[in-house]
Amino acid sequence: MLSETLRLLRVFHDMKQAELAERLGVSKSYVSEIENGNRSPSMEVIQRYADTFKVPVSSVMFFAENLEDAKNRKGAAAKAKKAIASKIVSLLQLVEEKTELDAVD
């Protein structure tokens, strides 16, 4: 779920892929491929994401790992963690939609 984590970081900071690509020093298509899960970013690129959004790499990796773990766990505690992670992702997706609607207005 690293791809979703990186996408949500960008969206939360109200940044377009082209702007992020410029800040990261990569192409827009590379950012798109990462966010769609078609390419895996190197640790160097993950570090650039972390620097750009002023978060530790460990936080990026922790969030990505927890999204993945929540997806794969079973049991009551796992279901609760999955539900919470799902709500966080839904909230960030809602922010993304609102940002897109505001841009249209």
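Side chains included, hydrogens not; waters and symmetry mates left out as well; all remaining heavy atoms used.
- Annotation: the span from Glu33 atom CD to Gln17 atom CD amounts to 10.5 Å, rounded to 0.5 Å.
- You'll find the side chain of Arg7 stays beyond 4.5 Å of the side chain of Val31, heavy atoms only.
- Evaluation of the side-chain hydrogen bond (donor to acceptor under 3.5 Å, both in side chains) rule for Gln47 yields Asp51 as partners, not counting sequence neighbours.
- The side-chain hydrogen bond (donor to acceptor under 3.5 Å, both in side chains) test applied to Ser32 returns Asn36, not counting sequence neighbours.
- For the pair Glu35 and Leu6, the tightest heavy-atom approach, listed with the atom from each and the gap, is OE2-O, 4.2 Å.
- Arg10 places a side-chain N or O within donor-acceptor distance of the main-chain N or O of Met15, the cut-off being under 3.5 Å.
- By the 4.5 Å heavy-atom criterion applied to side chains, Leu2 and Glu65 are not counted as neighbours.
- Within the structure, ring-ring contact (aromatic ring centres under 6.0 Å, His included) contacts touching residues 8-53 (residues at least two apart or in different chains) are His13-Phe53.
- Both Val55 and Val45 are assigned to one and the same hydrophobic cluster, defined by single-linkage of ILVMFWY side chains at heavy-atom distances under 4.5 Å.
- Residues satisfying the salt bridge (Lys or Arg N to Asp or Glu O under 4.0 Å) test with Arg48, not counting sequence neighbours, are Glu44.
- Linking ILVMFWY side-chain heavy atoms closer than 4.5 Å, directly or via other members, places Val60 and Leu24 in a single hydrophobic cluster.
- Side-chain atoms of Thr5 come within 3.5 Å of backbone atoms of Met1 as a donor-acceptor pair (strictly under, hydrogens ignored).
- Taking Asn38 as the reference, nothing meets the side-chain hydrogen bond (donor to acceptor under 3.5 Å, both in side chains) condition, with sequence neighbours excluded.
- The cluster map of Ile, Leu, Val, Met, Phe, Trp and Tyr, joined by side-chain heavy atoms under 4.5 Å apart, puts Leu20 and Val11 in different clusters.
- Considering only residues two or more places apart in sequence or on other chains, Ser29 meets the side-chain hydrogen bond (donor to acceptor under 3.5 Å, both in side chains) condition with Ser27.
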